[in-house]
Amino acid sequence: QVQLTETGGGSVQAGGSLRLTCTLDGYPYYSYCMGWFRQAPGKEREGVAIYNTGYMSGTTYYTDSVKGRFTISRDNTKRTMFLQMNSLRPDDSAMYYCALGSYCNSGSWSFPGTYSDWGQGTQVTVSS
């Protein structure tokens, strides 16, 4: 019923920028948490940035390593989400996934089990 599709990945040099896009198809119910995870080879899936639309007028969560460099946003249709990535580092290299879940908070947003729908992923590679 719900499909998430990521685009915008690619290969960039360190210090460069990239913008990822996630498009939502379908009509999810009570899906207030949406955003981005990433997974590098040999590592667990990591929450990168999530937009919690169920908390007041909206709250964002970021993993510490991307604060000040990445920005999550969405357009006014609420069916397109973005991840603007600036000052990219080689350790940002990973497969990036769009995620959608019913509810989240400051304690649960970073856990993959919080989310019910995932995109197929888009690869980001940052070279030195």
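Sequential numbering from 1 along the given sequence is applied to the chain's residues.
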Check whether Tyr62 and Met81 end up in the same hydrophobic cluster, where Ile, Leu, Val, Met, Phe, Trp and Tyr are linked by side-chain heavy atoms less than 4.5 Å apart. no
Does some side-chain heavy atom of Asp25 sit less than 4.5 Å from a side-chain heavy atom of Thr5? no
Where do Thr60 and Tyr51 come nearest, in terms of heavy atoms and distance? CG2-CD1, 3.5 Å
Rounded to the nearest 0.5 Å, how far does CG of Leu83 lie from CZ of Phe70? 6.0 Å
Closest non-hydrogen atom pair between Ala94 and Ala40, with its separation: CB-N, 3.8 Å
Nearest 0.5 Å, please: how far is OG in Ser106 from CD1 in Ile50? 13.5 Å
Derivation of the side-chain contact (heavy atoms from CB on, under 4.5 Å) call for Ser73 and Gln84: CA-CA 8 Å; Ser73 63; Gln84 179 66 46; over 6 Å; no
Compute both the distance and the angle, then confirm whether Arg74 meets the cation-pi test with Phe82: under 6.0 Å from the six-membered ring centre, within 45 degrees of the axis. no
Residue from Leu20, Asp92, Val126 passing side-chain contact (heavy atoms from CB on, under 4.5 Å) with Met85: Leu20
Would you say Arg69's side chain and Ser87's backbone share a donor-acceptor pair under 3.5 angstrom? yes
Quick check on the hydrophobic clustering: are Trp109 and Leu4 connected, directly or via other members, by side-chain heavy-atom contacts under 4.5 Å? no
Report the C-alpha distance between Glu6 and Gln120 in whole Å, list the side-chain angles of each, state the deciding distance to 0.1 Å, and finish with yes or no for side-chain contact (heavy atoms from CB on, under 4.5 Å). CA-CA 7 Å; Glu6 305 96 334; Gln120 83 289 346; 2.9 Å; yes
Verify side chain to side chain donor-acceptor pair (under 3.5 Å) between Thr59 and Asn52, making sure each step is shown before the conclusion. CA-CA 5 Å; Thr59 301; Asn52 183 358; 5.6 Å; no
How long is the gap from OH on Tyr115 to OG on Ser31, to the nearest 0.5 Å? 11.5 Å
Quick one: closest heavy-atom pair of Ala14 and Ser128, and the distance? CB-CA, 4.4 Å
Taking the six-membered ring of Tyr27 as reference, does the NZ or CZ atom of Arg79 fall below 6.0 Å from its centre and within a 45° cone about the axis? yes
May I have the step-by-step check of side-chain contact (heavy atoms from CB on, under 4.5 Å) for Tyr32 and Ser102, ending in yes or no? CA-CA 5 Å; Tyr32 295 110; Ser102 296; 5.9 Å; no
Do Tyr97 and Cys22 touch side chain to side chain, with heavy atoms closer than 4.5 Å? no
Please indicate whether Phe111 has more than 12 foreign heavy atoms, meaning atoms of other residues, nucleotides or ligands, lying under 6.0 Å from its CZ. no
Aromatic centroids of Trp118 and Phe37 separated by under 6.0 Å: yes
Assert yes or no for the condition that the ring centre distance of Tyr96 to Trp36 is strictly below 6.0 Å. no
Any link between Ile72 and Val124 through a network of hydrophobic side chains (Ile, Leu, Val, Met, Phe, Trp, Tyr) touching at under 4.5 Å? yes
Using atom types as modelled and distance alone, determine if a side-chain donor or acceptor of Thr114 lies under 3.5 Å from a backbone N or O of Ser108. yes
In Å, rounded to the nearest 0.5 Å, how long is the span from OG1 of Thr122 to CZ of Arg38? 14.0 Å
Derivation and outcome, side-chain contact (heavy atoms from CB on, under 4.5 Å), residues Ser65 and Glu46: CA-CA 11 Å; Ser65 65; Glu46 174 190 28; 4.3 Å; yes
CG of Leu24 to OG1 of Thr80, rounded to nearest 0.5 Å, is 8.5 Å
Tyr103 vs Tyr30 aromatic rings, parallel, tilted or perpendicular, using cut-offs 30° and 60°? parallel
Rounded to the nearest 0.5 Å, how far does CE of Met34 lie from CG of Leu100? 5.5 Å
